[in-house]
Amino acid sequence: MRTNHYDNDLLPKKPDPLKSLFLTMSAHEWLRHGRDVPKPKMLFGEFWYENELAILFADTNVGKSVLAVQIGNSLAAGRPISRFNIETPQLRVAYIDFELSARQFTQRYTHDTTGADFDFNVGFYRSGFNPTIPMPPAYASYDDFIDAAIEYYVKSMQANVLIIDNITCLRSGTQNAANALTIMKNLKSLKSRLQISILVLAHTPKRNPARPITRNDLQGSKMLINFADSAFALGESHRDPGLRYLKQVKQRATQLVYGEDNVCLCRITKPANGLQFDFEGTAHEREHLRPQTQYDKQQLTEQITQLTTQGLSQRQISAKLNIGLGTVNRIVNKGDGKVAGTAQPTE
């Protein structure tokens, strides 16, 4: 099993920040440098690669924690999940759980009848959050204390992989752009300094189930998705109760494989003593979206009317509601979303 070792005596002397913030080379030198960088290895198929900061997001009770634990245990065991390749040896995985209590976690991973425990790999470590610990006076804020504790945890476990469930528990939430920027900058810094791979879980706000999942459905500031190397989402099928689908939303190390026309179908099962996702093939996302009703259309018209009243342009409304600019324009021009005496800019 591969581990990360941290020896402070071997670390280089701290460079001058002003001279080290940017590394400058000619474009041709960058190309030569890039060829020498090893090709990133798959951790969870095309969804997540080694040394990436990835985001997995979904609505509440869809199963993102179940999938995250399954991914973490597969990396610790060195065994892939279904078709999703692992190209690394066994890794040490640090899983920080802000969500489940010890009892809730136990219920998920013991047999309902016999009480037998799930056979987790020895390289998978879970850490539960202890809110009773006071902040030491050495830290300027509780957020700084949590950041330092996470780094200590990763180093002490000699972990290669960090999974955080979930990101909304960091920095007093992610709705504020400044908070989101700080969270992502800290995580990217941690990833680079310790040479680890990070997966953070996040929620989606209330969304229109008749529309495909996009990056705009990630709860909080767009800073989250902008700073992530990759992102993927779990959606619910409205054709088959209990069926879920997994979709790539952002990728840098690979081409789009599991996009709107090729989402991965899956459902949560408990074949023995542990919850897991079983994967059942692929389909087009539109086959599993809720059909749009007249009520949905009326709600959409009311939303556009309200946002127009607030002074948003058609393009801003399109981005906020995750709908086509043409749809907004059509409703506004029909008069459904028009506000008397108010111009309707598209930009």
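Bear in mind that the values here come from a model prediction, so they are computed numbers and not experimental data.
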Within the 6.0 Å centroid threshold, strictly below: Y125 and Y95: no
Taking atom CG of L190 and atom CG of L162, what is their separation to the nearest 0.5 Å? 6.5 Å
Measure the spacing between CD1 of I163 and CD1 of I71 and express it to the nearest 0.5 Å. 6.5 Å
Can you measure from OG (S197) to CH2 (W48) and round to the nearest 0.5 angstrom? 6.0 Å
Would you find a donor on one side and an acceptor on the other, under 3.5 Å apart, between the side chain of Q248 and the backbone of V257? yes
One thing to verify: whether D278 and R267 come together as a salt bridge, which I'm taking to mean a side-chain N less than 4.0 angstrom from a carboxylate O. no
Heavy-atom closest pair, residues F98 and I164: CE1-CG2, 4.0 Å
Taking atom types as modelled, is there a side-chain donor on K64 or H203 under 3.5 Å from an acceptor on the other? yes
So which heavy atom on D261 is nearest to which on H284, and how close? CA-CD2, 3.5 Å
I'd like to know whether the aromatic ring centres of F279 and F84 sit less than 6.0 Å apart in this structure. yes
For K247, the option from E236, E46, E285 that meets salt bridge (charged side-chain N to carboxylate O under 4.0 Å, His left out): E285
Give the intermediate values and the outcome of side chain to side chain contact (heavy atoms under 4.5 Å, CB included) for residues L43 and E87. CA-CA 7 Å; L43 298 179; E87 297 178 332; over 6 Å; no
Parallel under 30°, tilted from 30 to 60°, perpendicular over 60°: which one fits the rings of Y109 and F105? tilted
Under the salt bridge (charged side-chain N to carboxylate O under 4.0 Å, His left out) rule, what do D229 and K188 come out as? Steps first, then yes or no, please. CA-CA 9 Å; D229 297 304; K188 284 188 80 74; 3.4 Å; yes
Contacts of type ring pair (Phe, Tyr, Trp, His ring centres under 6.0 Å), residue Y139, not counting sequence neighbours: F145
Less than 4.0 angstrom from a charged side-chain N to a carboxylate O is my criterion; do E151 and R193 meet it? yes
Those residues that, when tested against F277, pass ring pair (Phe, Tyr, Trp, His ring centres under 6.0 Å) (two or more places apart): none
Can you list the steps and then say if F124 with V161 is a side chain to side chain contact (heavy atoms under 4.5 Å, CB included)? CA-CA 10 Å; F124 181 80; V161 176; over 6 Å; no
Enclosure of Q310 CD (heavy-atom neighbours >12, cutoff 6.0 Å): yes
Return yes if some donor-acceptor pair links the side-chain N/O of S318 with the main-chain N/O of Q314 below 3.5 Å, else return no. no
Least distance between heavy atoms, G78 atom then Q90 atom: N-CG, 3.8 Å
